[in-house]
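Proteins come first, then strands; the chains are lettered A, B, ... in the order of their sequence lines, and each starts at number 1. Note that the structure is a prediction, hence the values are computed from the model and not measured.
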Amino acid sequence: MAAAIELIDLTKMYGARRGLAGLSMTVRVGEVFGFLGPNGAGKTTTIRLLLDLIRPTSGTVRVLGRAARRDAIEVHRRVGYLPGDFAVDGRQRAGECLAFLAALRGGVPADRIRELADRFDLDLRARIKSLSKGNRQKVGLVQAFMHDPELLILDEPTSGLDPLVQQTFLDLVGEAKRAGRTVFMSSHIMSEVEAVADRVAIVRDGRLVALDTVADLRDRSFLRVAIGFAGPAPAAEFAALPGVTDLAVDGSTMSFRLDSSPDSVVKAAARHTVTSLRTETQDLEDLFHTFYTGGGDTAAADR
Amino acid sequence: MTTSTPSPATTAPGRVAGGSLGGAFNGSVFTRTLWDNRRSLLVWAVAAGLLALVYASFYPQVSADSMANVPEAMRGFGFEDTSTAAGYLRGAVFGLLVPLLVTFYGAATGARTISTDEESGYLDLLLAHPISRTRLLLHRYAALAAGAILIAAAVFAAMLAVRNSADLDSIAVSGFAAQTLNVALLGLLFGAVATGIGAAFGRSRGAVFGSTAGLGVLAYALHGLAPQIGAEWLRYLTPYHYYIDHQPLINGVNGGDIAVLASCATVAVAAGVWRLNQRDLRR
Ligand SMILES: Nc1ncnc2c1ncn2[C@@H]1O[C@H](COP(=O)(O)OP(=O)(O)OP(=O)(O)O)[C@@H](O)[C@H]1O
Ligand SMILES: [Mg+2]
């Protein structure tokens, strides 16, 4: 399938500061793609590279099959963009501002703008500077969606939105996907993209640490196991078992992380007197946090 | 945008968002910029016109007083001769108030070309649209230029308004036209300098305004003081030399001066465009 976004070994240095360190990934046409990572991971850097607002130190950026820089005008025509810090001229009215941005694109049906504004409950006559942060964000969302672009690039689209408006946004993303559009959106929170995203990439320190479908990421979750023994905990025996890591002993109780099937652990435990047994499954949010903090470092970056 | 064709995703032409959403001036970045800046532009033009009007109409009193000797230190600033209309106007009106005003107009408006929006983050959004950096900058600068012409026109109109009542009819209308043309060019030049600095370095609006206005004041002082420190040649390095030293009120249009001012402005804008296309946008 064709690529909506293709990044090859993308590096961006800000002087001596690292923005991105060799990021490679592909976003397919027609998918909703969640781009996650902690503060300073390089999400905004990646997005601004896609739009030719900044230039890479090295590596390749291709958007909709075109070079981000050489074909910038064409790419921009086909893309809808919501910046992370959405700002417009505060002196303009919302409708005026949207009409101007539409005119830059050669025009958008006025009805389309009105329809989107209605759905977000946005007053088009209000002066931008009089709008609250969330209402200003709505202007940003309307301008990103209004020309029905092939690719939507959204930097933290839900920041500042109340749950009701977030739902409206998710509906729009769903509609865009059904219409065959591609959506690339960054976020800090897994649960925010979980519901709509086909695939999710997690970046940290300018690098890709995971890229997978939400379902497969969930499959990667592991068990946290705690076993109490009648005698001293046989730590050495368990540490050698496949899939056991993070092993800790507290008197006669032993806890560890288990990534593989529990079979060998159960069989090993059966040779001892077990006084207690407790297991916990990690949910997606926990898993995400291990990626966040540097735990799960085996990136399935090749998909 | 006049040149951009609708994206494949937009629907039939003719159903274009426009006046109904309050965007009568959305035809281009040029008209949009002028409209967004309409209030401050009006203030600049009215202030320049009124100042020129008021000071020019003082001339009959000043010449009647046969003017006590102007201090030696003020010689270079053009205040030495108040006995003729041209000499008087060259001092107070066209030698001080109007050129400094238009210098500040250029610095303030030029800082808006790129810097204000880069500081706020609006530039990110604009340049993610199908418009090149060059085109955006040139449209914004064209709006600045239109504003400078409007200010000069206000000064010109003010001069014509008091020409008879204030005994200024020894100066030909073409003389006023030539001098106010240079007013516009001076605004264009400092506007170009501020635009160039903002586009090239991505500094804050305040820094761009400050450095341009500072340069202007420094050049103005240098132009005025050069004769007293025995270095007349230093005047040639300042735009104010080309703006007034050939006495356009008396001698009319000077093609060489126009060429110098216009080409310096062009160089500043071109350098800004070039750097802006190379560099990263700040945020
Ligand atoms: N203009 C800049 N100059 C210097 N360093 C920068 C600049 N922009 C970004 N950085 C650095 O690059 C790294 C990545 O920043 P980026 O804004 O891309 O992160 P992010 O993932 O978007 O973070 P957040 O979730 O906080 O928005 C950070 O360490 C940041 O400090
Ligand atoms: Mg960010």
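- To the nearest 0.5 Å, the span separating CZ on B:Arg140 from CG on B:Leu136 amounts to 5.0 Å.
- The aromatic rings of A:Phe35 and A:Phe184 lie tilted to each other, with the angle between the two planes from 30° to 60°.
- For residues 261-279 of chain B, heavy-atom neighbours of chain A at less than 4.5 Å comprise B:Asn277, B:Gln278, B:Arg279, sorted by residue number.
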B:Tyr122 and B:Thr116: CA distance, side-chain angles, deciding distance, side chain to side chain donor-acceptor pair (under 3.5 Å) verdict: CA-CA 9 Å; B:Tyr122 186 30; B:Thr116 305; over 6 Å; no
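- Residue contact with chain B, scored on non-hydrogen atoms closer than 4.5 Å, involves the backbone and the side chain of A:Leu101 alike.
- Most heavy-atom pairs under 4.5 Å with chain B, from the set A:Gln92, A:Glu74, A:Arg93: that is A:Gln92.
- A 6.0 Å sphere centred on CZ of B:Phe30 holds more than 12 heavy atoms belonging to other residues, nucleotides or ligands.
- Using a cutoff of 4.0 Å between basic side-chain nitrogens and carboxylate oxygens, A:Arg125 and A:Asp123 are scored as salt-bridged.
- Per-residue heavy-atom pair counts under 4.5 Å with chain B were compared for A:Leu82, A:Ile54, A:Leu53, and the maximum is reached by A:Leu53.
- Residues B:Thr103 and B:Leu101 fail the side-chain proximity criterion, which asks for heavy atoms closer than 4.5 Å.
- Under the 6.0 Å cut-off for aromatic ring centres, B:Phe176 and B:Phe156 do not qualify, their centroids lying 6.0 Å or more apart.
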